[in-house]
Amino acid sequence: MKNSADVAMAEPGTYGRSSLVHVDCRVHELLLRQRRQERTMLKLIASENFASSAVLEATGSIFANKYAEGYPGARYYAGNEIVDELETLAIERLKALFGSEHANVQPYSGSPANQAVYRALLSPRDKVMGLPLPEGGHLTHGWSVNFSGTDYQRVPYGLHDKTQQIDYDRLRETARRERPKLIWVGGTSYPRVFDYAAMAEIALEANSYLVADIAHISGLIVAGAHPNPVAHCDVVTSTSHKSIRGPRGGFILSRNEDRYQPLYHPKSKHNLAKRIDRAVFPLLQGGPHMNTIAALAVALQEAANPSFRVYGQQIVNNAKALAGALLERGYKLVTGGTDNHMLILDLRNRPLSGKAYAERLSRAGIIANFNMVPGDRRHPALTSGIRLGTPAVTSMGMRETEMVQIAAFIDSVCRQPDDQEVHASVRREVADFCTAFDVPGITDR
Ligand code: DSN
């Protein structure tokens with residue numbers, strides 16, 4: 001028997017009208033399974049969220065079909081009058097939300113956005129300071145296996161031994177000595193607020209560009225639940241799919257003018273904004289994903305709604321409640337707690353690796369990622385930590401009471417990591433627990 005895809009292709013007129021279930025039952029079945037999983041499990045990955053139905057609709061729209069290499073008003077393809085309006089709308093919304101002079105919405109995601117910053121500001125082998133990955137930084141902030149660590153000179157800065165928070169005094173000393181051309185502020189597993197004003201002072205003393213990577217916390221910033229770095233930084237980069245609850249993509253904010261242009265780019269005829277734009281396209285990328293830009297515009301409209309402020313604050317309240325409940329149960333947390341949307345369980349004194357605990361939790365319907373902790377002696381593929389985040393469960397409408405219950409689920413699994421019956425029983429309880437909440441973007445039950 002012919003499969004449904006053959007039928008759709010064979011019958012003239014059916015192409016373009018059949019729905020997924022009729023064209024590809026295998027992918028449809030996988031989609032249904034993923035949907036069921038997301039409805040019945042607790043998504044505690046700090047970098048994930050649930051985009052709204054409106055954001056998903058724009059992501060899956062016909063804007064995906066359009067080639068629009070270039071920028072609004074200066075494209076290399078015809079027929080872009082409407083997408084010019086669309087991209088301008090996203091840019092203006094972004095500038096208004098963050099108070100930025102310039103915005104580029106074309107980066108395909110966070111790492112390409114960061115790569116564009118390197119290419120706009122630096123030359124190969126220039127010195128770059130960043131927080132190392134095991135201490136909470138990102139691969140692109142100068143980690144050895146990433147282009148940022150192989151093509152540039154890495155000057156790591158670190159955490160205070162006691163507080164496990166950024167040691168700004170040591171950072172200042174290192175910056176004075178090394179005079180890096182760029183300093184990153186931001187990370188992927190740092191559960192505290194960043195002191196952008198202190199970083200700006202340090203960067204100014206060292207003649208360094210200051211670049212904030214706000215991928216994790218952009219939603220918190222818009223909601224007023226974390227300080228906004230824009231006034232302190234030369235450039236700010238972000239993904240758009242984490243706490244800001246947009247499509248999978250990235251963006252860059254910057255000043256128009258480059259305060260170090262005479263020093264570092266005396267021959268360039270382009271200001272900072274223009275150099276960022278040229279680094280994204282044509283240097284690194286081709287056609288922008290206009291469907292993603294459409295969905296970003298929608299997400300920014302949602303984030304401008306006053307209810308988003310309530311959402312952002314609740315993410316933080318929930319993270320604090322989850323941290324408090326785990327501390328009460330005797331768990332150790334990196335830095336002793338959290339100021340933002342994430343917490344990192346320090347499992348160095350436990351028998352199993354972070355990876356092993358993450359696997360057990362997953363069997364019980366709790367999805368989290370294993371993560372390095374400061375001073376970790378285990379291999380990065382095993383680690384001694386678990387990172388937990390509250391953006392997704394907060395999008396489901398959960399509050400502090402539910403965080404206490406989630407801590408109890410986590411504790412049951414981690415106390416009995418080898419008892420599969422316990423995992424199965426927690427899995428049933430978690431599924432039951434989730435049925436009381438709606439999952440944005442997943443409308444059917
Ligand atoms: N992969 C992202 C995270 O989980 O934090 C960072 O790029």
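Counting starts at 1 for both ligands and their atoms, following the listed order.
- Scored by the side chain to side chain donor-acceptor pair (under 3.5 Å) test, Glu400 finds Gln314 as partners (sequence neighbours excluded).
- Residue-level contacts of ligand 1 at the 4.0 Å heavy-atom threshold are Ser47, His138, Thr188, His216, Arg387.
- For residues 291-313, there are no salt bridge (Lys or Arg N to Asp or Glu O under 4.0 Å) pairs, not counting sequence neighbours.
- Two rings, from Tyr260 and His265, have their centers 6.0 Å or more apart.
- Annotation for Ala203 and Leu210: closest pair CB-CB, 3.9 Å, computed over non-hydrogen atoms.
- Side-chain contact between Ile221 and Pro227 is absent, with no heavy-atom pair separated by less than 4.5 Å.
- Sorted by first then second residue, the salt bridge (Lys or Arg N to Asp or Glu O under 4.0 Å) pairs that include residues 235-254, not counting sequence neighbours, number zero.
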